Amino acid sequence: MVFAVSRLTTITLSKEYLKFSAAHFTIFSATSRERLHGHNFSVAAAITAPVGDNGMCFSYKVYKQKLEQLCAEMDEYLLIPTASPFLTIGDEGDYHRVEFNGEIMLFLKSDTRLLPIRNTTVEEYSQYLLDQLVRDTGEIEKYDLRKIVIEVFSGPGQSGSSLWERNR
């Protein structure tokens, strides 16, 4: 008797268009931060799932489009971490009022994205993007996804990644 064995494979998506340019400042402590500056960030995803009878795991297009949309939502903005214990963020009309260690910074709302992260680092960006991808549990079930790794690069040779694994 021959038994069909489910084979897992990992699909890596690292297309040229999976990127975003953003301004930020990393916070090191309650009294120390970087100056405002920017990076050209790139994003890659590694998605592990069973190979189906058709020799494929899932339609790659689905996750390429999702990642491209997430990158577009962060592209050409100043990214502010709303979960930072060191920032106080307020509203002043057309501006976000950001306070850090006694400094008051006003940023146009139209130029900023407030993100539910603790700091503006590749570690936090990768977790944020991963959280957005795994929100659709129906898709995870449909494709029987087992693992997703999102990696965000702030430049060549420098990245942070976050991992989600399905509990079985």
Side-chain angles (χ1 to χ4, degrees), residues 1-29 33-34 37-87 111-168:
M1 180 180 282
V2 176
F3 294 96
V5 176
S6 179
R7 177 173 61 96
L8 295 177
T9 195
T10 300
I11 301 300
T12 301
L13 306 172
S14 59
K15 306 298 276 182
E16 173 65 31
Y17 57 81
L18 296 178
K19 63 184 176 186
F20 60 98
S21 298
H24 80 124
F25 54 89
T26 300
I27 301 167
F28 300 113
S29 70
R33 70 170 179 88
E34 292 179 315
H37 66 285
H39 291 275
N40 294 315
F41 296 94
S42 59
V43 176
I47 304 171
T48 302
V51 177
D53 293 339
N54 64 353
M56 289 180 55
C57 295
F58 53 86
S59 172
Y60 311 160
K61 181 179 179 180
V62 170
Y63 288 97
K64 289 190 296 187
Q65 286 177 339
K66 284 179 180 276
L67 287 167
E68 184 177 20
Q69 177 61 39
L70 289 168
C71 288
E73 291 170 6
M74 297 166 64
D75 192 35
E76 296 187 356
Y77 286 99
L78 166 62
L79 304 177
I80 303 289
T82 62
S84 171
F86 306 120
L87 293 181
D111 288 341
T112 60
R113 285 282 186 251
L114 301 179
L115 297 178
I117 58 179
R118 296 172 296 170
N119 209 340
T120 51
T121 60
V122 290
E123 298 93 328
E124 290 289 288
Y125 295 148
S126 65
Q127 186 63 53
Y128 171 76
L129 293 171
L130 180 62
D131 290 346
Q132 302 310 300
L133 280 186
V134 300
R135 285 175 32 185
D136 188 344
T137 56
E139 215 165 64
I140 289 170
E141 292 294 326
K142 176 181 175 182
Y143 297 126
D144 193 17
L145 301 184
R146 307 294 177 85
K147 181 168 79 169
I148 301 174
V149 176
I150 298 294
E151 189 168 13
V152 176
F153 296 81
S154 60
Q158 184 169 304
S159 67
S161 62
S162 293
L163 164 72
W164 169 87
E165 284 188 281
R166 184 179 207 173
N167 294 328
R168 292 190 138 288

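Note that the structure is predicted; figures quoted are calculated from it, not measured.
Expressed to the nearest 0.5 Å, how far CD1 of I80 lies from CD1 of I117 amounts to 9.5 Å. Atom OG of S42 and atom CD of E16 lie 8.5 Å apart (nearest 0.5 Å). In this structure, F20 CZ and L70 CG are separated by 10.0 Å, a value rounded to the nearest 0.5 Å. How far OG1 of T137 is from CZ of R166: 9.5 Å, rounded to the nearest 0.5 Å. Separation of atoms CG (L67) and OH (Y17) is listed at 8.5 Å; rounding is to 0.5 Å.
Atom CG of N54 has more than 12 heavy atoms from other residues, nucleotides or ligands within 6.0 Å.
Between S154 and H39, the closest heavy-atom pair is O-ND1, 3.3 Å. Closest heavy-atom contact between S84 and I27: OG-CD1, 3.6 Å. For the residue pair L18 and K64, the shortest heavy atom distance occurs at CD2-O, 3.9 Å. Taking each heavy atom of C57 and A49 in turn, the nearest pair found is SG-O, 3.6 Å. Taking all atoms of both residues into account, the shortest heavy-atom contact from G160 to S126 is O-CB, 3.7 Å. Counting all heavy atoms, side chain and backbone alike, P116 lies closest to A83 at C-CB, 4.3 Å.
For the residue pair Q127 and E123, no side-chain donor N or O sits within less than 3.5 Å of a side-chain acceptor on the partner.
The closest side-chain heavy-atom distance from L79 to M74 is below 4.5 Å. Looking only at side-chain heavy atoms (C-beta outward), Y143 and I47 stay at 4.5 Å or farther from each other. Looking at heavy atoms from C-beta onward, L163 lies out of side-chain contact with L130 at the 4.5 angstrom threshold. Counting heavy atoms from C-beta outward, V122 and S159 have side chains that stay 4.5 Å or more apart.
T82 places a side-chain N or O within donor-acceptor distance of the main-chain N or O of L115, the cut-off being under 3.5 Å. A donor-acceptor contact shorter than 3.5 Å is absent between the side chain of N119 and the backbone of T26. The backbone N or O of F25 lies less than 3.5 Å from a partner atom in the side chain of T120, making a donor-acceptor pair. For the pair D111 (side chain) and Y77 (backbone), a donor-acceptor distance under 3.5 Å is absent.
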Can L133 and K66 be said to form a side-chain contact (heavy atoms from CB on, under 4.5 Å), step by step? CA-CA 7 Å; L133 280 186; K66 284 179 180 276; 3.8 Å; yes
Under the side-chain contact (heavy atoms from CB on, under 4.5 Å) criterion, do Y63 and E139 qualify, and how do the steps go? CA-CA 10 Å; Y63 288 97; E139 215 165 64; 3.2 Å; yes
From CA spacing to verdict: side-chain contact (heavy atoms from CB on, under 4.5 Å), H37, H24: CA-CA 6 Å; H37 66 285; H24 80 124; 3.2 Å; yes
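Salt bridge E68/K61: absent, no basic N to carboxylate O contact under 4.0 Å.
When each of I150, I140, V149 is paired with W164, the side-chain contact (heavy atoms from CB on, under 4.5 Å) condition holds for I140 and for no other. F41 pairs with exactly one of F153, Y128, Y125 by the ring pair (Phe, Tyr, Trp, His ring centres under 6.0 Å) rule, that one being Y125.
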